[in-house]
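Notes follow the structure.
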Amino acid sequence: MEELATKYSFDDIEEKWYNFWLEKEFFHARKNLSKTPFSIVIPPPNVTGILHMGHALNNTIQDILIRFKKMNGFESLWMPGTDHAGIATQNVVERKIAREGMTRQQLGREKFLENVWQWKEEYGSTIIRQLKRLGCACDWQRARFTMDEEYSDAVIEVFIRLFKKGLIYRGNYIINWCPRCQTALADEEAPHKEIDGFLYYIKYPFKNSSQYLVVATTRPETMLGDTAVAVNPKDLRYNDLIGKTIILPLIDREILVIADDFVDPEFGTGAVKVTPAHDQNDYLMGKRHNLEFINIFSPDARCNELSGDYAGSDRFEARQAIIEDLKERKLLEKVVAHKHTVGHCYRCHTVIEPYLSKQWFVKMKPLALPGIEAVEKGDIKFHPQRWTKVYLNWMQNIQDWCISRQIWWGHRIPAWYCGKCNSQLQVYLEKGTGNNAEISLDEINVLSDIEPIVSKEKPCCDKCGSAKFMIQDPQVLDTWFSSWLRPFATFGWPFTSCKPHALGGKLEQNEKNKTGLQKEELKYFYPTTVLVTAPEIIFFWVARMIIAGFEFMQNAPFKDVYIHGTVRDDSGKKMSKSLGNSIDPLEIIAEYGTDALRFSLVSNTAIGQDVFLSKEKFEFGRNFCNKIWNASRFILMNLDSEELGGYAKEKIKKENLALAEAWVLSRFYSTLKQVNIALDNYRLNEAANIIYEFFWHQFCDWYIELAKLSIENTQTQAVLFKIVEQSLRLLHPFIPFVSEEIWQKFKPGCGSILEQSWPQLDESFINEKLETNMQIVIDVCTAKRNLRNENNYKPKDIIEQAYIKVDSLEAEKVLIECQDYIKKLAKVDKIFISQENIDMGYSQEFASCSTANTLITIPVKIKIDAEREKQKFESQINEISNHILRKDRLLNNENYLKKAPSHVVEKEKQSLDELKQELEKLIKIKDAIE
RNA sequence: GGGCGCGUAGCACAGCUGGUUAGCGCAUCUCCCUUACAAGGAGAGGGUCGUAGGUUCGAAUCCUACCGCGCCCACCA
């Protein structure tokens, strides 16, 4: 047997086993009708992503479930992949080329996209490599990227289907515009944050009058686009002003005072400036009152030619300038500090500009209905349950989804316009920019007035019949418009990519087979079993996947949704790169090992609760891995290395077992039982902690120590072998690397631990009586150790003998049988066990201590302080008397006896009896001290 | 404005549908380098479970209010 290091070293081991698993294709799942499928679709990381603690937690949870189910005989599929992450990736590449002194506009669409693809090839798999380091058992052969050809087909197909159903439309609305990314954003992509701003009170003078109306606004710069002032019709202060004309300061436009219920008389002055092109509410008011929509900004949020003297200045510069100018004209009444919420771009955090533009939308209300019903009926369950409400609330109030983005990286919208038949597009054709056209936002707005032909391939124009002048819509789709198809698009749905092509219009045979197989696999694995994700993307992704599942597959995409908590630092702040408080999982892996990271993470994660982390917490997992390593090392050292195979076969016969052996087996199987329940209910932390407790504090602390007494014995060896080998299987999903490494030493040449079956629960080993008996032994040992510690005896003060007096024949029997255990664990040479008056034998040469069934005395060479000894027992007596008092009262309570379940009462009675006995015993002992 | 979560030992957390004397880890203190493991072993101390009511035979657990902390959603300019 090779010498093993006394410290577990994870260097080299992790990569070695990961490659081994890959080579053996353990992560690859196939349709297998003899097995039940278990499948998970990974929340696809962005290609720009690097592994952070949130990923580490999310993927560890999934990996545990995947490995657990695989060992339980399921066909376990973990479908991986990455998202193209339109805006995020485009931003990264734009920054990169900016360092080279270029802009994407200078490069042009085609060249820029080449750059992005290049970047993706180079860096896009970073996160995949990192997931591998984490040990993820993903079926990498199936990895799909949202921009893969096959996947893109699904995206386009879905767009076309929804369009044909009338569920995709174009509309002119106020959308969230990010002036930095220069694209529209969905509502979910523009989270509102509270900011400290000001409320500016501005005087709006009436025409031909010295009077004015004061309006309050947080964004004075938008006044350049004002086309009315609104008051509440019920507001008596302003009633007679309705219909009057105001001269809009700075720009000298005549606007009217209108009446609208929207206006809250309580807020500000009760008079609101109305900017229909730059505010959601004002837009609606504009519609109601037929106001003019004046867009004063260009897409980069600079004032445009409609903003008079301010043209060309940035929106925030314009704000300052306008304030100054208003002050100068004595039109600024006052400025008050004011907190309000403002939308921010979820990618670059720039303040959103509400912007009137023509965009593509998905009509969500009808699509959401089956997804609402499924959750209400419980066909899809959230864990923990509370997220159900969050989901339902969003689904029931769902807004139409803005899916067009004015960026280049993404799936291009399959809408076409004929440049020949639409005179507005002539200019555009003349530019000769064709399919890779770079179209400005204004031009997009022009396009939006033209009826498109929606088609995957370039279509022929309805009017002129030619495809020659067809121009494709330059916009791309929201990344989530591809992500929401993941549970089925990853299987090749809708299976159109093997279209008849050049070769005589026939499918090649293997292509045909491939499609057939994919269809069967989709049927087999869909719906997937569980989705594991963070609360942040319930709306972005979870809800939309459910919608897509019902719309395109007529079925929910998964049955369970496990929402885990957010990873926070130990002061409760969300871990993020920008806050600089993140702990890099790769650093932890390097320092403590992957298994330590995983085990620490999981044992710290109560279901659905946020996880608070600090670096020290990872020592917990590391120490445990080391403990497992050393326990295994000890066992290996004592097994016959030539005969390892024999231990595996050795049948353990219950009737021949010594108490400790029977006990540890009983403990093992109850542990297994509890672990199974916990894992079936997604309570991973509980499962981890139960195994931890068993392995360390029962198996190692007690059984291994006792096994040393009979380590030469084959049966002891067989028990050690069995427990450690089976425990490693339980541990494997949590700590795959170290469990494999050690398991291989116990069962060399037997494949992988991952192929082994999960331990079968054999309840016949679970025996309460036996656990009680073992507890007597444990109590005695603990008491003896205690005696020594509490009196602070030095070794020389003690004569290593113990006199144990027991109060029952049964306990006596157990203790006599287990003398050797006590000698070993309590460190005594001689034991005298007797069932006699427990109060006898006090003397100043003996220290004493009582347990539930015994009184233990040990001879010491120094004199016992009788007073102290007496006090010790007195305080015990006090404590027990209090319990007795309480229980007496309880058991004398008629209502209790009537209403409490009988087993509870029985237990209570029994416990009272025991306490009374113990009290009696303690009193006797105390009285004997004198 | 609505919704959700959390306040349990110095710190960070468990405690599942209410039922023994409320637990784990870290930290602290004492002893021990006992030939698997000092990343270890043996022990100890430390909590009126945020506050106040209520329901109940019985409350950390259920209800109500309040006080703190955090998150999410919402068009109050």
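We name chains A, B, ... by the order of the sequence lines, and we start the count at 1 in each one.
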(message) Please report the distance, rounded to the nearest Å, between NZ in A/Lys824 and C1' in B/A36.
(response) 11 Å
(request) Round to the nearest Å and state the distance from A/His564 atom NE2 to B/G5 atom P. (result) 18 Å
Name the pairs: protein N/O against N/O of nucleotides 75-77 of chain B, kept only if under 3.5 Å.
{"from": "B/C75", "atom 1": "O2'", "to": "A/Asn281", "atom 2": "ND2", "distance (Å)": "2.8"}
{"from": "B/C75", "atom 1": "N1", "to": "A/Asn281", "atom 2": "OD1", "distance (Å)": "3.3"}
{"from": "B/C75", "atom 1": "O2", "to": "A/Asn281", "atom 2": "OD1", "distance (Å)": "2.6"}
{"from": "B/C75", "atom 1": "O2", "to": "A/Asn281", "atom 2": "ND2", "distance (Å)": "3.0"}
{"from": "B/C76", "atom 1": "O2", "to": "A/Asp264", "atom 2": "OD2", "distance (Å)": "3.0"}
{"from": "B/C76", "atom 1": "N3", "to": "A/Asp264", "atom 2": "OD2", "distance (Å)": "3.1"}
{"from": "B/A77", "atom 1": "O2'", "to": "A/Ala216", "atom 2": "O", "distance (Å)": "3.4"}
{"from": "B/A77", "atom 1": "N6", "to": "A/Asp264", "atom 2": "O", "distance (Å)": "2.6"}
{"from": "B/A77", "atom 1": "N6", "to": "A/Phe267", "atom 2": "O", "distance (Å)": "3.1"}
{"from": "B/A77", "atom 1": "N1", "to": "A/Asp264", "atom 2": "N", "distance (Å)": "3.1"}

Touch check for [X], heavy atoms < 4.0 angstrom, all strands: base, sugar-phosphate only, or nothing?
| X | answer |
| --- | --- |
| A/Pro535 | nothing |
| A/Gln674 | nothing |
| A/Lys615 | nothing |

By side chain to side chain contact (heavy atoms under 4.5 Å, CB included), which residues pair with [X], not counting sequence neighbours?
| X | result |
| --- | --- |
| A/Asp913 | none |
| A/Thr341 | A/His192, A/Glu194 |
| A/Ser881 | A/Ile877, A/Leu919 |
| A/Tyr173 | A/Tyr169, A/Tyr283, A/Phe361 |

I'd like a table of atom pairs between the protein and nucleotides 15-17 of chain B - only N or O on both sides, under 3.5 Å - with the distance next to each one.
{"from": "B/C16", "atom 1": "O2", "to": "A/Arg683", "atom 2": "NE", "distance (Å)": "3.4"}
{"from": "B/C16", "atom 1": "O2", "to": "A/Arg683", "atom 2": "NH1", "distance (Å)": "3.4"}
{"from": "B/C16", "atom 1": "O2", "to": "A/Arg683", "atom 2": "NH2", "distance (Å)": "2.5"}

(request) Between A/Lys907 and A/Glu693, name the one whose nearest nucleotide on RNA chain B is closer to the 5' end. (result) A/Lys907
(request) For A/Ile880 and for A/Asn893, locate the closest nucleotide of RNA chain B by heavy-atom distance; then report the residue assigned to the nucleotide nearer the 5' terminus. (result) A/Ile880
Kindly point out which of [options] is positioned nearest to the side chain of [X]?
| X | options | value |
| --- | --- | --- |
| A/Ala631 | B/U20, B/G25, B/A36 | B/A36 |
| A/Lys887 | B/U34, B/U20, B/A36 | B/U20 |
| A/Val904 | B/G19, B/C37, B/U20 | B/G19 |

(request) Please name all residues satisfying ring pair (Phe, Tyr, Trp, His ring centres under 6.0 Å) with A/Trp394, sequence neighbours left out, ordered by chain then number. (result) A/Phe539
(request) State which residues pass ring pair (Phe, Tyr, Trp, His ring centres under 6.0 Å) with A/Phe618; sequence neighbours excluded, sorted by chain then number. (result) none
(request) Measure the spacing between CG of A/Asp282 and NE2 of A/His278 and express it to the nearest 0.5 Å. (result) 10.5 Å
Per-pair distances, 0.1 Å, donor-acceptor, side chain in residues 901-909 of chain A, under 3.5 Å, sequence neighbours excluded:
{"from": "A/Glu908", "atom 1": "OE2", "to": "A/Lys887", "atom 2": "NZ", "distance (Å)": "2.7"}

(request) Please list residues of residues 384-394 of chain A whose heavy atoms come under 4.0 Å from any atom in RNA chain B, ordered by number; otherwise none. (result) A/Arg386, A/Lys389
(request) Give a yes or no on whether the ring-centroid distance for A/Phe382 and A/Trp387 is below 6.0 angstrom. (result) no
(request) Would you check if the side chain of A/Arg785 reaches a backbone N or O of A/Leu825 as a donor-acceptor pair within less than 3.5 Å? (result) yes
(request) Using the C1' atom on both, measure B/G47 against B/G41 and round to a whole Å. (result) 27 Å
(request) Give the stems involving RNA chain B, where a stem is 3 or more consecutive Watson-Crick or G-U wobble pairs (i with j, i+1 with j-1, and so on) under 3.5 Å. (result) B:1-7 with B:67-73, B:28-32 with B:40-44, B:50-54 with B:62-66
(request) List the protein contact pattern of nucleotides 39-47 of chain B with one symbol per nucleotide (5' to 3'): B for base contact, S for sugar-phosphate-only contact, - for none; contact means a heavy-atom distance under 4.0 Å. (result) BSSBSS---
